[in-house]
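What follows is a structure written as structure tokens; I'll ask about it next.
This one's a predicted model, so the numbers in the text were calculated from it and none came from an experiment. This chain uses plain numbering: 1 for the first residue, then up along the sequence.
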Amino acid sequence: MNKGGGMKKMKYVVVTGGVVSGLGKGVTASSIGVLLKACGFRVTSIKIDPYLNTDAGTMSPFEHGEVFVLDDGGEVDLDLGNYERFLDVKLTRDNNITTGKIYQAVIDKERRGDYLGKTVQVVPHITDAIQEWIERVAMIPVDGQPGPADVCVIELGGTIGDIESMPFTEALGQFSYRVGAGNFCLVHVSLVPVLSAVGEQKTKPTQHSVRGLRSLGLTPNILACRSTLALEENVKQKLSQFCHVPAENIITLYDVPNIWHLPLLLRDQKAHEAILGVLNLLGIAREPNLKEWTSRAELCDMLLEPVRIAIVGKYTGLSDSYLSLLKALLHASVSLRKKLVVDWIPASDLEDETAKENPDVYKAAWKLLKGSDGVLVPGGFGDRGVEGKIIAAKYARENRIPFLGICLGMQIAVIEFARSILGLQDANSTEFDPDTKDPCVIFMPEGSKTHLGGTMRLGSRRTYFQVMDCKSAKLYGNRGYIDERHRHRYEVNPDMVSRLEDAGLSFTGKDETGQRMEIVELPNHPYYIGAQFHPEFKSRPGKPSALFLGLIAAACDQLDSLLHAPKIPNGMAKKISLYPNGNATKFAKIPTDGIYSSCNGVHA
């Protein structure tokens, strides 16, 4: 992208995957970014998702893991959350490319007549659109500094050979020639399985994967091989010979105790030298400075004192559904030197109906809830498990157990309070009971009930504290306002607020109009807070989210000392190093990421 005037050329690192999906391409791409950043380069990233959805917003978390929300309101793949946490950047919705977005852009141009009577085809029109999108987005600064980054890391989702990713593979093949040698480095993540009967590392799947890659016009510069153990030297030589990749450019991504060892693993195998060599950047790179990372990774392995948090949710069968929540809990627990233990409780298991139908599951769920040090009720859509979440909120309120409700979890806390304290047995959200006589939670006036994609209140919005003498304001460092990310269609009914506050509930945070409730607290409870926003999306290693820090501190009986400490939570962050984040489920053995978890009964 050298457009004259001495502008530097952007360098691109493309990460593809072969053999099977779920190898951890996102964590590999993030770790490569961390390593390049440690060498002194500014890094941005792009995730390509070959599905036809315009964005991730309408997909179930069971399909594709959590929907990550950006500052600009983009609903994107969870890997962008990994990039933001690993690299401490703020990405835009355009950093997530989907087939839907590309085809929509091309069809819009065709309808406008931009193609001047041409036959619009996958090649060249779709492939050109993909390349132009990459070049445009790579130049957007994401690290708060002016001007474009030095390197753009691009992850191609799915597996090489998938029909849906063909246009992207073709576009990237063309792109490698468009940007020129020395500006394009391809890292192929593949699997080297070990057959238990033989105990031998098998290279054939990777050989076939690389052959497929070459047949599509892409030549790998570096092979990153997933395996349980480090690659044996003869296996490395064999791969080098059959895949035409230098042995020093073949890296093993073997299982590690926690995910934050991965950038160190790459550095120890000199992955940065291989990448920088291909990109002609060796001459200006410094030695990677990963001291902080090393101490974090090692410290994580040594945490012993547990803190048990019960997550009462709807999607507990897949931990990726709550990935950012897990990371936020981990950042907070590590900052307080505690080993996070997560107890997953499917909300419906706490309900009376389960007691009749499956008493063992019911008992197991209640045992986990009663054994927890704190309760977290996350967001969700649909009415399944709602009563179970209300039961969990009631248990935490009555037994003075630290509680954090997020989005729907905050609305649940309000409904439970209205039922139990105000005596409004019919109290509900119009989402679940459109005819309720006491609507505590109502549909937002600007929402759409017919078009579900991108029609919610999305992205970064400002919350103003109504009183400063409250736990949430103190946790946020006594600031007058905060900016947090939102994703919701329903809100607390403003007509009910005065009755709820008269009964002892305190709405400590509101939007600029004062009509939209953002934070709710029970002042006479050790820690009972609900937030309409999603604080987990801005939690970073070294900068834990304030409300999660409060939950973990309260669960460990450390909240008072935390609230009286200077500069919360940043003061904590300076004193205590945290762990960079990633998608542990893809890499580490159990326990993953330093998070120990248990599931209730059959729901594991």
Side-chain angles (χ1 to χ4, degrees), residues 12-33 35-36 153-162 165 169 172-173 176 181-182 184-256 259 261-280 282 586-589:
Y12 297 91
V13 177
V14 175
V15 179
T16 60
V19 186
V20 292
S21 60
L23 284 177
K25 292 187 302 297
V27 190
T28 305
S30 301
S31 299
I32 287 169
L35 196 52
L36 294 176
V153 179
I154 303 167
E155 178 195 345
L156 175 60
T159 308
I160 289 296
D162 292 347
S165 64
T169 317
L172 288 169
S176 65
F184 187 93
C185 176
L186 181 61
V187 180
H188 187 59
V189 182
S190 186
L191 179 69
V192 177
V194 175
L195 298 184
S196 53
V198 192
E200 181 189 357
Q201 293 176 329
K202 307 300 281 185
T203 62
K204 193 63 76 178
T206 299
Q207 290 179 43
H208 283 305
S209 182
V210 171
R211 192 174 301 142
L213 196 61
R214 287 183 189 280
S215 71
L216 295 167
L218 287 168
T219 303
N221 301 104
I222 290 157
L223 281 183
C225 299
R226 281 289 286 121
S227 187
T228 47
L229 301 169
L231 284 189
E232 293 159 16
E233 197 53 41
N234 64 316
V235 173
K236 203 179 266 195
Q237 291 301 329
K238 190 173 180 184
L239 279 170
S240 174
Q241 191 178 357
F242 283 96
C243 299
H244 308 162
V245 174
E248 61 270 22
N249 285 14
I250 298 175
I251 290 145
T252 322
L253 305 173
Y254 54 83
D255 290 344
V256 287
I259 205 62
H261 285 283
L262 192 59
L264 311 177
L265 199 63
L266 292 174
R267 179 205 59 193
D268 292 346
Q269 296 178 65
K270 298 195 168 17
H272 56 294
E273 291 184 9
I275 294 168
L276 296 172
V278 174
L279 296 175
N280 294 332
L282 269 176
K586 304 258 178 91
F587 263 94
K589 290 179 178 175

> What are the two closest non-hydrogen atoms of Ile275 and Val13, and how far apart are they?
Replying inline: CG2-CG2, 3.9 Å
> Going from OG1 on Thr219 to NE2 on His188, what distance comes out if it is rounded to the nearest 0.5 angstrom?
Replying inline: 12.0 Å
>> Let me confirm one number: the CG-CD distance from Leu229 to Gln201, rounded to the nearest 0.5 Å.
In response: 7.0 Å
> Any side-chain heavy atom of Val245 sitting closer than 4.5 Å to one from Leu239?
Replying inline: no
>> Rounded to the nearest 0.5 Å, what separates atom NZ in Lys204 from atom OG in Ser209?
In response: 13.5 Å
> Between Pro263 and Leu35, what is the shortest heavy-atom contact and its length?
Replying inline: O-CD1, 4.1 Å
> Of all heavy-atom pairs between Asn280 and Gly182, which one has the smallest distance, and what is that distance?
Replying inline: ND2-CA, 3.6 Å
> Which heavy atom in Leu262 sits nearest to a heavy atom in Ser31, and how many Å separate them?
Replying inline: CD2-OG, 3.3 Å
> Rounded to the nearest 0.5 Å, how far apart are CD of Gln269 and CD1 of Ile222?
Replying inline: 11.5 Å
> Are any non-hydrogen side-chain atoms of Leu276 and Leu36 less than 4.5 angstrom apart?
Replying inline: yes
> Would a 4.5 Å heavy-atom cut-off, applied to side chains only, mark Ser176 and Leu186 as touching?
Replying inline: no
Tabulate below the donor-acceptor pairs under 3.5 Å that side-chain atoms of residues 155-162 make, not counting sequence neighbours, or state none.
from: Glu155; atom 1: OE1; to: Tyr83; atom 2: OH; distance (Å): 2.4
from: Glu155; atom 1: OE2; to: Gly26; atom 2: N; distance (Å): 3.4
from: Asp162; atom 1: OD2; to: Thr159; atom 2: N; distance (Å): 2.9

>> To check you understand the geometry: which heavy-atom pair defines the closest contact between Leu266 and Ile32, and what is its length?
In response: CD1-N, 3.9 Å
